[in-house]
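First, the structure itself, so that you have it in front of you.
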Amino acid sequence: MNDLLPQNRIDEFRAKAATIEHPRELIVDALRAVQSHYGWVPDAGVDLVAELLGVLPVEVEEIATFYDKIYRRPVGKRVIHICDSICCWAAGGEELATHLQRTLGIGFGETTADGVFTLLPTCCLGACGEAPAMMVGLTTYGSLTAAKVDTILAQLRTETGA
Amino acid sequence: MPTLTIDNLEVTVPEGTNVLEAARALDIVIPHFCYHEALGAVGACRLCAMRISDGKVSGIQMACMVKARDGMVVSTLDPEAVELRGHVIEWLMTNHPHDCPVCDEGGECQLQEMTIAGGHGNRRYTGKKRTYDNQDLGPYIAHEMNRCIACYRCVRTYRDYCGGLDFGVFGSRDRVYFGRVRDGQLESPFSGNLVDVCPTGVFTDKTFRFRSRPWDLQEAPSICPLCSLGCATVPGARFREVQRVRAGINREVNGFFICDRGRFGNGATNDPQRPRRPRVDGAQVAMETAIDTLRERVAAVIAKYGPQSVALLGSPRASLEANTLLHDWARDLGTTRLVFDAHAEQDRAARITEAHLEHQARSLNDIRHSDLVVLVGTDPLSEGPMLALAVRQAVRAGGGVVVIGPKPIDLPCRCSHLPVSADQLDDALRCLAGGSADALAAELRDALKELRDRLAAAQRPVMAGGPELLGSRGVNTLFETVEALSTAERPMGAMLLLNGPNSYGGAMLAGRGPNFDMLLDGIDEGRIHALICLETDPCRDARNPARARTALDRLELLVTLDALPTHAALNADIFLPTSTWVESDGAFVNNEGRLQAFARVMEPGLPLRATSPDSYPPREFFLETPGSEPWPAWRILARLLGRSEELSVLRREIADADPRFAPLADLAPDAPGIRLTTTPGLPHYQLDRETPG
Amino acid sequence: MSGYPQVLFKNRHPGVAAFLAEYEASGGYQGLRAALKMTPQKVREAVKAANLRGRGGAGFPTGLKWSFFPADQPGEKYLLANGDEMEPGTYKDHQLLLADPHQLVEGMAIAAYAMQIPHGYVFLRYAYEQCAQNVERAIAEAEAKGYLGPDILGAGFGFELHVHRSAGRYILGEETALINGLEGRRPNPRSKPPFPAQSGLFGKPTNVNNVETFANVPHIFTGGTEWYRSLARTAEGAGTLLVGLSGHLSRTECFELPMGISLREVIEQCGNGVRGGRAFKACLPGGASTPFLTAAQLDTPLDHVHMEQAGSRLGTAGITVFDETTCMVAATLNLARFFARESCGWCTPCRDGLQVVVWLLEEIEGGRGSFELLAMLRDQVKNISGRSFCALAEGAMGPVGSLLTRFGDELEDHIKRGRCPMR
Ligand SMILES: Cc1cc2nc3c(=O)[nH]c(=O)nc-3n(C[C@H](O)[C@H](O)[C@H](O)COP(=O)(O)O)c2cc1C
Ligand code: SF4
Ligand code: FES
């Protein structure tokens with residue numbers, strides 16, 4: 001299934017796994033690679049990673065299900081992680097989360113009907129000085145207000161062509 | 001050897017013992033979940049809390065994680081420790097579904113016991129419980145994840161100890177999930193151990209599901225009869241059937257685990273096809289009548305053709321007591337035509353083993369602690385699965401495994417393979433021993449030389465083999481090789497996988513007697529007219545089953561004592577139904593010469609569920625339990641020979657008659673067993689010197 | 001920040017990172033040059049003499065840790081930089097790597113030399129992609145200049161450095177869980193002993209330090225141990241501290257401040273006081289796992305010793321301030337939820353006990369509390385603290401324990417009124 005990972009990355013992982021002593025150290029890297037290409041990690045992605053690194057599918061799944069930034073279920077084109085830890089909470093994070101849910105019309109763990117956004121809570125993003133904060137993909141947005149969130153959502157929607 | 005004080009009692013334990021084990025030595029049970037003697041300490045459940053006063057480590061500590069030290073003072077009753085243990089139980093119970101009434105673990109649930117012991121009888125937490133979906137793990141293991149307390153014993157058993165590859169732990173926090181990546185049958189041949197190690201009802205025996213409460217089972221310590229290793233088991237019976245088998249503990253042999261064959265492969269006792277009635281010429285008779293007829297008919301054959309016209313065939317499946325009585329009977333009759341394994345090659349291999357093993361004998365426990373195991377011409381997963389598991393433990397402890405044989409074999413561990421065809425195994429062994437081996441490829445010779453060096457450097461090397469591929473000649477060579485590679489300071493060990501649970505015992509009795517192929521010659525040539533088969537069917541068990549079948553047809557008298565519906569049983573002139581190993585006491589000698597007793601679990605009887613619906617309500621009433629006719633084979637023979645039918649008396653007689661069997665007199669089940677020594681001076685069996693049949 | 005000597009942040013400009021040219025111009029890699037002229041043992045001793053203490057939370061003396069390391073043992077050894085930084089209220093490593101990543105590289109190179117370690121990893125959390133790229137660039141630049149590689153500056157010592165990107169979860173910050181994570185195993189903590197210095201990554205001797213800890217190291221060798229120690233305001237402290245401000249302050253930024261500065265000065269001078277002119281109620285002085293301090297303790301100097309005397313910990317020096325409108329029960333509930341969710345699931349007190357704590361706080365905050373439940377909460381703290389497998393659950397009890405001791409009336413108020421008095 002090469003829609004899971006481009007061939008050059010497949011070759012890269014295979015080659016690297018062959019040269020290092022403990023290929024399992026690449027499990028997180030490989031899962032992240034599949035996710036960034038495919039959007040999330042389907043069962044076939046777990047199997048692919050196992051095969052590329054010469055480890056067992058169960059060893060990959062044990063890792064994949066541990067980390068919260070590896071998605072083992074389908075997600076939208078953009079995953080919004082809104083921080084719910086203490087500094088963001090103190091800065092109105094709960095209200096912002098409600099705003100997001102209302103605007104998107106979805107609850108936590110859900111994806112918008114158009115498949116663009118998935119909303120997930122996350123623990124502290126290391127942006128406590130700019131609370132409240134959220135992360136979309138690998139970009140962190142801080143000092144959020146409802147208005148700022150709306151602008152970001154609109155911008156992301158355009159980016160994804162939706 | 002540190003001496004410490006636990007709850008005011010002093011105990012001295014070996015260096016490296018943890019406090020939990022040290023307490024156990026004083027019969028003080030420190031509650032625990034995640035700790036397991038075979039799996040080690042991981043400190044996850046936090047239940048084994050106790051207080052240590054004084055010394056380098058002090059305060060509330062986990063007993064499993066702390067090594068006993070000289071002068072340590074431990075209190076398991078310390079109020080803070082007791083309080084913590086109560087909390088651990090309460091925490092573990094927060095998500096528990098409280099489905100004990102419908103849980104198969106009920107009665108042997110550690111969680112239940114600890115909950116009561118921890119004084120947690122009142123549920124305070126009324127928050128949400130997390131729930132899981134279960135998986136279909138195949139026909140043997142049922143999965144009920146909601147009961148999980150996350151002690152991690154299952155993964156540590158399945159993956160770490162047993163080397164299974166298709167089971168793991170997923171998720172995190174209070175949502176850890178133990179199972180497969182996807183639904184499907186568990187692939188490990190040791191999967192059933194999940195049932196034994198799970199302290200609660202997550203993994204239960206599906207074949208036993210909802211059939212009995214454990215306290216309603218009849219249980220007794222037993223020995224698995226399905227290969228020659230002699231693993232300890234505990235069969236459980238009810239309603240006149242074996243309902244399950246769980247692992248017994250024998251630290252010298254199987255440790256704490258057994259293979260799935262031993263656990264789930266026990267249908268024979270319950271088999272509805274099982275012949276349960278004595279028969280003479282096809283007609284059902286009483287056991288006593290059958291025995292009398294047997295005595296008369298054998299006498300008639302002897303009167304007609306002389307004592308040597310009667311041949312007796314014992315078996316690796318039959319108990320030592322039964323085989324011994326068969327041996328005594330042959331002596332009384334005056335026939336030397338006595339064999340203990342229908343398979344001539346396996347028979348020879350067993351006799352060679354018996355003759356040579358003695359000081360080279362190694363137990364499964366020795367193998368677990370070996371630093372280099374060489375497997376020659378054997379496939380443990382098929383010939384003796386627990387050997388494969390023992391080898392894995394050797395590897396986990398840093399030891400090496402080399403497989404010599406035609407094909408790479410499946411083992412639950414890393415191993416290296418030296419490809420040697422079956423007919424070159426013998427040469428390869430000779431070469432390994434340092435002999436010349438011109439027939440072998442140079443490359444192989446080099447590899448063997450390298451292995452010889454590795455063996456020389458190893459501290460506790462063991463060579464294990466199986467007669468199926470090695471043949472008796474190869475077995476002989478194996479012993480020579482082990483001898484050649486041994487030095488006085490550093491002896492090397494051997495283990496042979498034999499044909500059945502009592503092959504070794506049979507070999508001890510066989511001496512220089514003929515083999516079964518010779519008996520077949522005797523039948524074909526008209527010298528033998530009667531054959532008595534003790535718990536064996538030559539038509540299945542002989543080296544050449546077809547030949548055996550034709551030969552059996554020529555007999556004037558075929559007698560079979562057995563519990564299985566075999567050809568020899570169904571076609572016998574006289575058939576005497578025997579009880580199975582769960583229905584009788586007895587002893588086996590395992591492949592390392594270890595004499596072990598098994599105890600009767602139940603009386604023979606037709607399983608209740610095997611009775612057809614129209615047999616209820618019964619129209620006629622009997623005193624006898626239906627299907628209870630089978631007797632232990634040794635009892636049939638004792639009656640026949642006019643010997644005592646009291647097993648203890650019989651055992652003492654056997655022990656007195658042959659000093660090699662002296663330990664039989666006081667043999668107890670549920671013990672590690674006793675390795676028999678061959679008394680010096682008694683004739684050793686030697687290859688190629690059987691008395692002709 | 002005017003007035004406070006800037007060491008780690010001297011090349012910090014909003015929005016742009018300093019790379020090699022600027023770093024070298026500001027004295028970068030002079031520390032490495034100086035260290036390479038010393039014996040490894042002398043390097044370790046200098047770090048000890050500088051009284052550098054770990055910035056990852058536990059505050060263990062760095063030189064002492066290095067002196068336990070089997071530097072002379074031949075073969076593979078590993079040096080790991082802990083950049084997991086997922087404890088709420090902590091974002092200083094983030095700021096550091098956004099501003100001036102070469103300090104980490106140089107510090108690690110010196111540490112590697114001091115402990116004779118050939119391989120290193122910088123472990124970075126998922127959210128710090130920009131930091132990862134900065135560090136990668138810094139590594140490439142350093143390799144090109146011979147600051148990293150098989151023969152560093154011709155001194156006959158080799159050290160290679162890689163970046164590992166994680167995929168979430170706070171527990172990865174615990175050093176043995178981090179090691180498991182790097183190995184591609186489930187990141188549960190390992191039992192100690194054996195300590196990583198004996199058996200760490202791939203079973204080899206391994207030293208783990210926090211990103212900021214490493215970043216301090218070069219400056220000890222450029223400025224000298226005396227100068228370094230004198231940066232602190234108290235005798236107990238040494239060097240500067242990256243202090244991340246958050247919560248109800250007028251200004252929530254990360255500052256480099258002398259160790260030993262008082263909490264009050266930080267809050268008033270750097271944070272410009274509590275926002276909206278409200279009154280200060282409490283703060284977490286060093287991240288989510290440190291016990292709350294109240295207004296009565298505002299004069300405590302920010303160093304390990306004084307913070308402990310005040311009943312809390314310096315932790316990661318991430319200060320989260322709560323004003324008078326904050327319900328401390330609700331705040332603690334938020335913290336407890338964080339820890340419960342981030343539990344790795346290995347040991348019972350954390351995996352299941354923290355859920356009970358969350359539930360108790362929910363009941364009390366939701367107006368369904370009782371004195372029985374309050375007693376039960378007290379029992380949880382007693383039985384979880386010090387009883388878990390690693391320090392995560394222990395850390396979780398930091399704020400809960402101080403809620404009970406310092407805000408007991410507020411808890412009782414919830415129970416008596418049957419609702420949250422702040423709502
Ligand atoms: C649950 C938990 C999370 C931790 N998270 C971090 C972290 O994100 N960064 C860090 O440097 N240390 C963290 N630590 C501390 C580390 O285990 C370790 O003590 C530290 O990295 C050592 O570096 P230092 O001596 O330089 O502080 C954490 C500890 C625990 C128990
Ligand atoms: S305290 Fe226990 S469950 Fe929690 S993170 Fe540490 S090891 Fe895991
Ligand atoms: S048995 Fe000791 S912690 Fe589980």
Side-chain angles (χ1 to χ4, degrees), chain A residues 17 20-33 35-36 41 49 53 55 58-71 81 83-94 120-135 137-140 142-143, chain C residues 76 85-95 125-132 164-172 181-188 201-202 244-249 251-254 284 288 318 320-323 326 330-332 334-335 337-339 341-342 344-345 399:
Chain A
I20 61 177
E21 200 183 337
H22 314 277
R24 66 183 299 158
E25 68 174 289
L26 299 176
I27 292 176
V28 173
D29 292 344
L31 285 168
R32 286 190 55 161
Q35 179 158 301
S36 77
V41 182
V49 169
L53 305 183
V55 298
V58 67
E59 291 173 307
V60 177
E61 184 74 331
E62 287 186 326
I63 305 300
T65 56
F66 192 97
Y67 291 96
D68 65 338
K69 300 300 184 295
I70 300 292
Y71 316 132
H81 287 277
C83 175
D84 61 5
S85 291
I86 190 73
C87 311
C88 291
W89 173 84
E94 282 181 348
L120 293 170
T122 180
C123 71
C124 178
L125 291 167
C128 318
E130 306 161 85
M134 68 180 189
M135 178 173 71
L138 286 166
T139 312
T140 302
S143 311
Chain C
E76 295 296 304
E85 196 167 72
M86 285 178 76
E87 177 148 329
T90 311
Y91 60 102
K92 56 172 183 94
D93 296 339
H94 196 189
Q95 294 301 318
R125 64 174 293 185
Y126 186 88
Y128 290 0
E129 178 59 27
Q130 188 56 51
C131 298
H164 175 90
R165 291 166 165 84
S166 187
R169 302 314 300 282
Y170 170 59
I171 188 59
L172 275 292
L182 268 180
E183 285 188 11
R185 295 178 191 281
R186 280 178 64 82
N188 299 116
L201 190 64
F202 305 120
L245 299 184
S246 60
H248 299 153
L249 287 172
R251 198 156 83 188
T252 52
E253 286 171 28
C254 184
L284 295 163
T320 309
V321 171
F322 303 99
D323 69 17
T326 313
T332 310
N334 176 284
L335 292 162
R337 282 190 177 136
F338 162 80
F339 287 106
R341 194 170 71 193
E342 292 306 316
C344 81

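Reminder, nothing fancy here: chain letters follow the sequence lines and each chain counts from 1.
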### Query
Are the side chains of A/I86 and C/F322 in touch, meaning some heavy atoms are under 4.5 Å apart?
yes
## Note on the structure
For A/C87 and C/G89 the tightest heavy-atom approach is SG-CA, 3.5 Å
### Query
What part of C/Y170 gets closer than 4.5 Å to chain A, counting heavy atoms only: side chain, backbone, both or neither?
neither
### Query
What part of C/R185 gets closer than 4.5 Å to chain A, counting heavy atoms only: side chain, backbone, both or neither?
both
### Task
Give, as side chain, backbone, both or neither, the part of A/E59 having an atom under 4.5 angstrom from any heavy atom of chain C.
neither
### Task
Name the region of C/Y126, side chain, backbone, both or neither, that has any atom closer than 4.5 Å to a heavy atom of chain A.
both
### Query
Hey, are the side chains of A/E130 and C/T252 touching, using non-hydrogen atoms and a 4.5 Å cut-off?
no
### Query
Of the listed residues (C/E253, C/Q130, C/H164), which shares the most heavy-atom pairs with chain A below a 4.5 Å separation?
C/H164
### Query
Given a strict heavy-atom distance threshold of 4.5 Å, which part of C/T90 is in contact with chain A: side chain, backbone, both, or neither?
backbone
### Query
Are any side-chain N or O atoms of C/H248 and backbone N or O atoms of A/A90, one a donor and one an acceptor, separated by less than 3.5 Å?
yes
### Query
Of the backbone (N, CA, C, O) and the side chain (C-beta and beyond), which part of C/E342 lies under 4.5 Å from a heavy atom of chain A, both, or neither?
side chain
### Query
Could you give the distance from NZ (C/K92) to SG (A/C128), rounded to the nearest 0.5 Å?
12.0 Å
### Task
Measure distances from A/T139 to the heavy atoms of chain C and classify the residue's part below 4.5 Å as side chain, backbone, both or neither.
neither
### Query
C/E129 versus chain A, heavy atoms under 4.5 Å apart: side chain, backbone, both or neither?
side chain
### Query
Using non-hydrogen atoms only, which part of A/D84 is less than 4.5 Å away from chain C: side chain, backbone, both, or neither?
both
### Message
Shorter than 4.5 Å, heavy atoms on both sides: which option in C/A330, C/P187, C/G244 has the most such pairs with chain A?
### Response
C/P187
#### Entry: Any donor-acceptor pair under 3.5 Å from C/R186 side chain to A/E62 backbone
yes
### Query
When rounded to the nearest 0.5 angstrom, what distance separates SG in A/C123 from CZ in C/F338?
5.0 Å
### Message
Counting heavy-atom pairs closer than 4.5 Å to chain A, which one of C/G247, C/C344, C/G318 comes out on top?
### Response
C/C344
### Summary
Distance col, row C/L201:CG vs A/H22:NE2, nearest 0.5 angstrom, shows 7.5 Å
### Query
Taking every heavy-atom pair that is under 4.5 Å apart, which of A/H81, A/M135, A/R24 has the most such pairs with chain C?
A/R24
### Spatial distance of atom CG (A/D68) from atom CZ (C/R169) [nearest 0.5 Å]
6.0 Å
### Task
Report the C-alpha separation of A/E21 and C/F202 in whole Å, then their side-chain angles, then the decisive distance to 0.1 Å, and conclude whether the side-chain contact (heavy atoms from CB on, under 4.5 Å) test is met.
CA-CA 10 Å; A/E21 200 183 337; C/F202 305 120; over 6 Å; no
### Message
Under 4.5 Å from any heavy atom of chain A, what part of C/L249 do you find: side chain, backbone, both or neither?
### Response
neither
### Task
For the pair C/T320 and A/W89, evaluate side-chain contact (heavy atoms from CB on, under 4.5 Å) and give the outcome as yes or no after the intermediate values.
CA-CA 11 Å; C/T320 309; A/W89 173 84; over 6 Å; no
### Query
Can you tell me how far the CZ atom of A/F66 sits from the CG atom of C/N188, to the nearest 0.5 Å?
5.5 Å
### Task
With rounding to the nearest 0.5 Å, note down the distance linking OH in C/Y91 to CG in A/L125.
13.5 Å
#### Entry: Top contributor to chain A contacts, counting heavy-atom pairs under 4.5 Å, from C/G184, C/A288, C/A167, C/G345
C/A167
### Query
Is A/R32 reaching over with its side chain to a backbone N or O of C/S166, donor-acceptor style, under 3.5 angstrom?
yes
